[in-house]
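Report on one structure; see the data block that follows.
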Protein chains: 2
Amino acid sequence: MTLQYALLGFLNYGPMTGYDLKKLLDTSTQMFWHAELSQIYPQLKKMEKDGLLTVICEPQAGKPDKKIYNITNQGRAVLLQWLSEPLDEVLPDKDPVLLHLFFAGALNKQVILSQLRLQLELRRAYLSRVEVEVAGFIQDTIRVTGQKREGIFWELIRRFGAEQTRTSIAWLEEAIQLVESELS
Amino acid sequence: MTLQYALLGFLNYGPMTGYDLKKLLDTSTQMFWHAELSQIYPQLKKMEKDGLLTVICEPQAGKPDKKIYNITNQGRAVLLQWLSEPLDEVLPDKDPVLLHLFFAGALNKQVILSQLRLQLELRRAYLSRVEVEVAGFIQDTIRVTGQKREGIFWELIRRFGAEQTRTSIAWLEEAIQLVESELS
DNA sequence: CAAGGCATGTAAATCGTTACATGATTTA
DNA sequence: TAAATCATGTAACGATTTACATGCCTTG
């Protein structure tokens, strides 16, 4: 169901195809929402049937028709209603990395250390991507589309990701030290 | 598949029932892994069929037989193999709260502020639970079971949750200020 | 006396991933 | 010439949630 709202959110920016939506999911929401084309296409079909979207087919040579989706007033209403819902939960998410670590007592010190060091490396690389590429991408998008109000929230979420990653990095550094010194 | 490893991880501590496992998932891993009984029972059955577990049925009056599961050597090998896998990904998780906020530009200032304030309240409450109850629960468990080595990791993960929550709180406070001052 | 804990499950539905299928054009 | 981009999908499988079903015992 949530995928529906993600798609409505993007279609509220303007008409586009399923393929376009996939690219947007991959470049902007990927860290907190993503989906495969094989999930997006049927979902769009259902939303059209439900009256949340309309389609225009644009014939193309050598490729399938381009199906350009438009959000309807009903679709906009459904989106706004969802967006207005109170955020009254702290969401438990699923994180296999933490599950690993939770049972890591069963492993020997060296294996644990190499796992922690690998995570540390990956998160440092991710942080620099968020601080450089993602930040630039958001500024470009604001400039090109003129979505200043929306841009405030995009940037806020980017900073959230950066802060969370910094926290992870500091924690991993401490964890490595602790395992090195306190684990036999 | 990951649920299997969570169950193996707990059964590696000692024999127990599906009902027991559900309670453990609810009290210790709930923030990074959880499952319903309707998923746990069939999974245990499958794991027994696969030779990762053995069962002993203990008849009870007025209740269904208690089915006590034991991890086998093969189960232990499967668990250790999974635990040893390199943690070579930064996991994208799904977070409807961030998705909300990503599209919050479509909402008016007051609705956004009340949503952010609600999240702030919830996370402050969660942090105090992690710092008091969860911390106490972990120390009790270490004392009662004597799992000192495992306890190091439980405590590490608890601190991770606390740090991430602190980061969220600081970020929400900033976000509220920014929305108050910079959004019309 | 109602609610919750104990203890097991099944059935249906939804959500999500992976694999398969087509076929032209562009880029490395 | 192989791979990526464009552009659509279907099919099969696996993971997860929600609803339903039973029934005793304990606690408030």
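First the proteins, then the strands, lettered A, B, ... as listed; each starts at 1. All values below were derived from every heavy atom in this structure, side-chain atoms included, with hydrogens, water molecules and symmetry-related copies excluded. Predicted model only: the values in this text are computed from it and were never measured.
A close approach under 4.0 Å does occur between a side-chain nitrogen or oxygen of B/Q60 and OP1 or OP2 of C/dA7. In terms of phosphate contacts, B/T17 brings a side-chain nitrogen or oxygen within less than 4.0 Å of OP1 or OP2 of C/dT8. Look at B/K66 and you'll find a side-chain N or O under 4.0 angstrom from OP1 or OP2 of C/dA7.
Contact check on B/E155 versus B/R158 returns a salt bridge, with a Lys/Arg side-chain nitrogen under 4.0 Å from an Asp/Glu carboxylate oxygen. Ion pairing between a basic and an acidic side chain is recognised when a charged N comes within 4.0 Å of a carboxylate O; A/R124 and A/E173 show such pairing. Taking the charged nitrogens against the carboxylate oxygens, A/E163 and A/R166 do have a contact shorter than 4.0 Å, which makes a salt bridge.
Counting any heavy atom pair closer than 4.0 Å across all strands shown, B/K94 reaches sugar-phosphate atoms only and no base atom. In this structure, B/K46 reaches neither bases nor backbone, as no heavy-atom distance under 4.0 Å exists between it and the strands shown.
Close approach of DNA chain D to chain A, defined as any atom under 4.0 Å from a non-hydrogen atom of the protein, starts and stops at D/dT5 to D/dT16.
One can place CG of B/D65 at 14 Å from C1' of C/dC6, the figure rounded to the nearest angstrom. Here C/dT14 presents its P atom at 18 Å from CD of B/E36, a figure rounded to the nearest Å. Regarding A/H34, its NE2 atom lies at a distance of 10 Å from the P atom of C/dT18, rounded to whole Å. The distance between atom NZ of B/K23 and atom C1' of C/dG5, rounded to the nearest whole Å, is 8 Å. Summarising the geometry, the separation between NZ on A/K63 and P on C/dT26 is reported as 8 Å, rounded to the nearest angstrom. At whole-Å resolution of the value, OH in A/Y41 and P in C/dG16 are 18 Å apart. In this structure, B/L37 places its CG atom 17 Å from P of C/dA11, rounding to the nearest Å. Rounded to an integer number of Å, the gap from CG of B/D26 to C1' of C/dG4 is 15 Å.
A donor-acceptor contact shorter than 3.5 Å links the side chain of A/T72 to the backbone of A/G75. Remark: side-chain polar atoms of A/E58 are not paired, donor with acceptor, to backbone N or O of A/K67 under 3.5 angstrom.
Aromatic pair A/F103/B/Y5: ring centres not closer than 6.0 Å.
Paired with B/K23 under the rule side chain to side chain contact (heavy atoms under 4.5 Å, CB included), one option of B/D26, B/L25, B/D20 passes, and it is B/D20.
When the nearest nucleotides of DNA chain D are assigned to B/Q43 and B/S38 by heavy-atom distance, the more 5′-ward of the two goes with B/Q43.
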